[in-house]
*Asks:* 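For reference, the structure I am asking about is given below.
Owing to the predicted nature of the structure, the values given are computational and were not obtained by experimental measurement.
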Amino acid sequence: AAMKADMDRKTGRKYVAAGKLPSEMAGLRTWRTREDPFAEHWPSVVMMLAAAPALEAKTIFEQLSEQHPGRYSEGQLRTLQRHVRQWRAAEGPDKEVFFPQEHRPGEAAQTDFTSTGELGITIAGEVFVHLLCVFVLPYSNWQWVTVCLSESLAAIRRGVQASLFRLGRRPTYHQTDNSTSATHNVPKSVAVVTPHSRRPFNAEYLALMRHFGMEPRTIEVGESHQNGDVEASNGALKRKIEQALLLRESRDFESRDAWERFAQGVADKVNRGRATRVAEELAVMRVVEVTRLPEFTEVDVTVTSWSTVRLARNTYSVPSRLRDESIRAHIYEERIEVFFATKHQLTIERLRGEGGRRINYRHIIWSLVQKPGAFARYRYREDLFPSLTFRRAYDAIHAEGGGDRGVRGDLDYLRILHLAASTMESEVESALDLVLGEGKVPHPDLVKGIVTAPTPIDVPTLIAPVVDLHAYDSLLVHDQAVAS
């Protein structure tokens with residue numbers, strides 16, 4: 001038997017005599033292979049852990065090393081970490097237990113935002129920094145995505161609406177985390193604030209929920225696992241998108257809409273594999289019978305004497321003709337549309353964050369040319385250099401004659417800026433590059449002469465073709481022969 005099992009006969013004889021299988025003969029090891037370096041001070045370590053269970057093994061090791069110089073080496077840290085882990089498992093405090101929940105069809109939806117930096121998406125060659133707003137039905141894991149720039153209320157409104165109208169049905173509850181797109185910060189004046197305090201909902205978010213007949217709810221503060229389904233869906237969806245991008249062999253898209261359609265196509269493909277459970281959800285959810293809400297916030301504001309408005313905590317310039325007038329702004333997630341007397345005036349790219357500004361020199365240059373002395377200390381002066389070329393031109397004008405030309409130099413530069421607003425900025429910039437490249441000072445008249453110079457047109461010489469009409473005579477002869 002030992003020969004057939006490729007075993008030594010003495011080993012086989014041992015198993016036969018014992019009447020046990022090899023797996024049954026292995027006993028617990030009761031001895032140590034090496035001396036425990038922490039045996040002497042382990043009682044003090046246990047006292048430290050009992051007093052403060054959250055202490056890390058590395059902190060305790062550093063404390064022991066300071067108390068007993070030269071006793072312990074860095075290579076023994078892993079041994080202490082193992083001892084501490086075993087103590088916590090055998091004698092430490094109870095740990096929090098998570099309880100898996102059963103999801104009911106059509107009961108709830110979860111929405112969350114996820115970053116996309118690892119996907120490396122570009123739009124027309126430019127890196128596109130953005131997020132995906134992910135909407136998930138936890139029972140079937142049906143999901144839908146929209147592209148957004150931030151975790152704003154506008155983004156969640158657009159994402160929720162797109163998902164609900166895609167489904168044609170609505171769940172009973174809608175769950176989010178405690179982001180400011182849906183909730184307020186808990187005021188510091190509140191007497192009882194615990195780590196699990198729920199934050200109150202924003203009025204606009206509540207209005208969105210009422211419109212679609214859903215009841216809002218959030219996870220507890222600091223308990224992100226309660227939104228676990230959508231959190232897990234984020235990673236799985238991005239892995240699917242990554243694979244689709246690899247097959248596409250390009251991460252560049254012609255527009256934001258093209259990229260969003262691609263991502264939604266991936267989600268749609270994944271959803272088709274969940275058709276059975278999705279059908280169960282659709283059967284118990286109510287039909288969406290309301291209209292789509294506008295995806296912007298409407299704000300009325302008066303234009304300041306500086307020809308600026310303050311919108312969404314950022315400053316924007318508007319045409320000076322609107323100064324002191326009341327305008328209406330539609331604030332979308334990525335743009336702002338300005339209206340006066342119900343007529344659209346301009347569209348501005350919306351700034352992200354707070355405290356920024358977007359000043360368009362075309363809005364104020366007409367007044368600034370008349371008041372060149374205001375340029376030197378103008379609060380938004382740096383915004384009046386459309387490119388580095390314009391800044392070089394300004395420096396060259398002021399460097400003429402070996403020093404600062406003051407208001408006269410500012411006026412010369414403002415006249416160049418006025419020319420750019422009156423014609424084409426790109427043509428003025430090309431003229432400035434030409435003049436600066438020749439080592440000349442870009443005086444306004446010189447630049448204007450280059451920009452407005454007529455472009456010579458080469459008129460080609462055309463030779464009049466000789467037309468032979470005899471071909472038509474042959475057609476007539478053919479028709480007569482057929483008729484006869």
*Asks:* What verdict does the salt bridge (Lys or Arg N to Asp or Glu O under 4.0 Å) test give for Glu289 and Arg286, after you've listed the backbone C-alpha separation in whole Å, the side-chain angles of each residue and the deciding distance to 0.1 Å?
*Replies:* CA-CA 9 Å; Glu289 298 176 337; Arg286 296 182 179 181; over 6 Å; no
*Asks:* Apply side-chain contact (heavy atoms from CB on, under 4.5 Å) to the pair Leu153 and Ile156, showing each step before the final yes or no.
*Replies:* CA-CA 5 Å; Leu153 180 61; Ile156 203 169; 3.7 Å; yes
*Asks:* Considering all heavy atoms of both residues, which atom of Asn314 and which atom of Gly353 are nearest to each other, and what is their separation?
*Replies:*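 The answer is ND2-O, 2.9 Å.
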*Asks:* Between Met214 and Val160, is any pair of side-chain heavy atoms under 4.5 Å apart?
*Replies:* yes
*Asks:* I would like to know whether His330 and Phe339 meet side-chain contact (heavy atoms from CB on, under 4.5 Å); could you show each step before the answer?
*Replies:* CA-CA 8 Å; His330 291 175; Phe339 295 83; 3.3 Å; yes
*Asks:* Taking the side chain as everything from C-beta on, heavy atoms only, tell me whether Phe135 gets closer than 4.5 Å to Thr146.
*Replies:*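 When only atoms from C-beta onward are counted, Thr146 and Phe135 do not touch, as no gap falls below 4.5 Å.
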*Asks:* Using the rule given for side-chain contact (heavy atoms from CB on, under 4.5 Å), can you reason through Glu349 versus Arg358, listing the C-alpha separation, both sets of side-chain angles and the distance that settles it, and then say yes or no?
*Replies:* CA-CA 9 Å; Glu349 181 182 356; Arg358 174 153 284 144; 3.5 Å; yes
*Asks:* Looking only at non-hydrogen atoms, find the nearest pair between Val407 and Gly373 and report the distance.
*Replies:* CG1-N, 4.2 Å
*Asks:* Compare all side-chain heavy atoms of Arg321 with those of Gln345 and state whether any distance is below 4.5 angstrom.
*Replies:*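 SC-SC contact between Arg321 and Gln345 confirmed.
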*Asks:* Would one find more than 12 heavy atoms of other residues, nucleotides or ligands at under 6.0 Å from atom CZ of Arg328?
*Replies:* no
*Asks:* Cation-pi between Arg248 and Phe253: NZ/CZ under 6.0 Å from ring centre and within 45° of the ring axis?
*Replies:* yes
*Asks:* Under the ring-ring contact (aromatic ring centres under 6.0 Å, His included) test, which residues partner His443, sequence neighbours left out?
*Replies:*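 ring-ring contact (aromatic ring centres under 6.0 Å, His included) list for His443, sorted by chain: empty.
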*Asks:* What's the shortest heavy-atom distance between Val428 and Ala420, and which atoms?
*Replies:*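 In terms of heavy atoms, the two residues are closest at CG2-CA, 3.6 Å.
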*Asks:* Taking atom CE of Met285 and atom CG of Leu137, what is their separation to the nearest 0.5 Å?
*Replies:*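 Between Met285 CE and Leu137 CG, I get 5.0 Å after rounding to 0.5 Å.
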*Asks:* Given the rule in the salt bridge (Lys or Arg N to Asp or Glu O under 4.0 Å) test, do Lys58 and Glu74 qualify, once you have shown the distances and angles that lead to the verdict?
*Replies:* CA-CA 10 Å; Lys58 187 173 183 179; Glu74 289 292 334; over 6 Å; no
*Asks:* List for me each residue that meets salt bridge (Lys or Arg N to Asp or Glu O under 4.0 Å) alongside Glu337, sequence neighbours excluded, and say none if there are none.
*Replies:*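 Per chain and number, Glu337 pairs via salt bridge (Lys or Arg N to Asp or Glu O under 4.0 Å) with Arg335.
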*Asks:* Taking side chain as C-beta onward, heavy atoms only, is Leu411 less than 4.5 Å from Arg415?
*Replies:*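 Of all side-chain heavy-atom pairs linking Arg415 with Leu411, at least one is under 4.5 Å.
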*Asks:* Got a second to check how far Thr114's OG1 is from Asn234's CG, nearest 0.5 Å?
*Replies:*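 Here the interatomic distance stands at 4.0 Å.
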*Asks:* What pairs with Asp257 under salt bridge (Lys or Arg N to Asp or Glu O under 4.0 Å), at least two apart in sequence or on another chain?
*Replies:*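 Asp257 satisfies salt bridge (Lys or Arg N to Asp or Glu O under 4.0 Å) with no residue once adjacent residues are dropped.
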*Asks:* Can you tell which of Asn271, Val145, Ile241 makes a side chain to side chain contact (heavy atoms under 4.5 Å, CB included) with Val266?
*Replies:* Ile241
*Asks:* Kindly write out the residues that satisfy side-chain hydrogen bond (donor to acceptor under 3.5 Å, both in side chains) with Glu438, not counting sequence neighbours, or none if the list is empty.
*Replies:* Lys440
*Asks:* Looking at CG of Leu432 and CG of Leu436, how far apart are the two atoms once the value is rounded to the nearest 0.5 Å?
*Replies:* 6.0 Å
*Asks:* Can you check whether Arg166 reaches Asp268 side chain to side chain, under 4.5 Å on heavy atoms?
*Replies:* yes
*Asks:* Heavy atoms only: give me the nearest His211-Thr291 pair and the separation to one decimal.
*Replies:* NE2-O, 2.7 Å
*Asks:* Assess whether side-chain hydrogen bond (donor to acceptor under 3.5 Å, both in side chains) is satisfied between Tyr394 and Asp410, documenting all intermediate values.
*Replies:* CA-CA 8 Å; Tyr394 174 82; Asp410 289 345; 3.1 Å; yes
*Asks:* Can you check salt bridge (Lys or Arg N to Asp or Glu O under 4.0 Å) on Lys343 and Glu325, steps first, answer last?
*Replies:* CA-CA 13 Å; Lys343 293 185 179 179; Glu325 300 289 351; over 6 Å; no
*Asks:* Roughly how far apart are Glu56 CD and Glu62 CD, rounded to 0.5 Å?
*Replies:* 9.5 Å
*Asks:* When rounded to the nearest 0.5 angstrom, what is the spacing between OG in Ser317 and CG in Leu322?
*Replies:*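 If I round to the nearest 0.5 Å, the distance is 11.0 Å.
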*Asks:* Compare all side-chain heavy atoms of Met209 with those of Pro216 and state whether any distance is below 4.5 angstrom.
*Replies:* yes
*Asks:* Kindly check if the number of other-residue, nucleotide or ligand heavy atoms within 6.0 Å of CZ (Arg88) is above 12?
*Replies:* yes
*Asks:* Aromatic rings Trp142 and Trp144: how do their planes relate, parallel, tilted or perpendicular, breaks at 30° and 60°?
*Replies:* parallel
*Asks:* Taking NZ, NE, NH1 and NH2 as the nitrogens, is one of them in Arg157 or Glu333 under 4.0 Å from a carboxylate oxygen of the other?
*Replies:*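 Salt bridge between Arg157 and Glu333, a charged N being under 4.0 Å from a carboxylate O: no.
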*Asks:* Which heavy atom in Ser326 sits nearest to a heavy atom in Phe340, and how many Å separate them?
*Replies:* O-CD1, 3.5 Å
*Asks:* Side-chain donor-acceptor pairs under 3.5 Å in residues 117-132, sequence neighbours left out?
*Replies:*
unit_1	atom_1	unit_2	atom_2	d
Glu118	OE2	Lys238	NZ	2.8
Thr122	OG1	Asp252	OD1	2.6
His130	ND1	Thr116	OG1	3.4
His130	ND1	Phe128	O	2.9
His130	NE2	Thr116	OG1	3.2
His130	NE2	Trp259	NE1	2.9

*Asks:* Could you walk me through whether Tyr205 and His174 pass side-chain hydrogen bond (donor to acceptor under 3.5 Å, both in side chains), step by step?
*Replies:* CA-CA 11 Å; Tyr205 177 74; His174 180 255; 2.7 Å; yes
*Asks:* Should Leu149 and Arg256 count as side-chain neighbours, where that means a heavy-atom distance under 4.5 Å?
*Replies:* yes
*Asks:* By the salt bridge (Lys or Arg N to Asp or Glu O under 4.0 Å) test, which pairs, at least two apart or in different chains, include something from residues 373-382?
*Replies:*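 Listed by first then second residue: Glu382-Arg391.
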*Asks:* Got more than 12 heavy atoms from elsewhere within 6.0 Å of CZ, Arg313?
*Replies:* no
*Asks:* Check Asp412 against Pro444 and note the closest heavy-atom contact, atom names and distance.
*Replies:* O-CG, 3.3 Å
*Asks:* To the nearest 0.5 Å, tell me how far Leu164 CG sits from Leu208 CG.
*Replies:* 8.5 Å
*Asks:* Are more than 12 heavy atoms from other residues, nucleotides or ligands located less than 6.0 Å from atom CD of Glu298?
*Replies:* yes
*Asks:* Over 60° means perpendicular and under 30° means parallel, so tell me whether Trp366 and His418 are parallel, tilted or perpendicular.
*Replies:*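 Trp366 and His418: perpendicular rings.
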*Asks:* Examine Arg170 relative to Phe212 and say whether NZ or CZ is less than 6.0 Å from the centre of the six-membered ring and inside a 45° cone about the ring axis.
*Replies:*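 No, Arg170 does not lie over the aromatic ring of Phe212.
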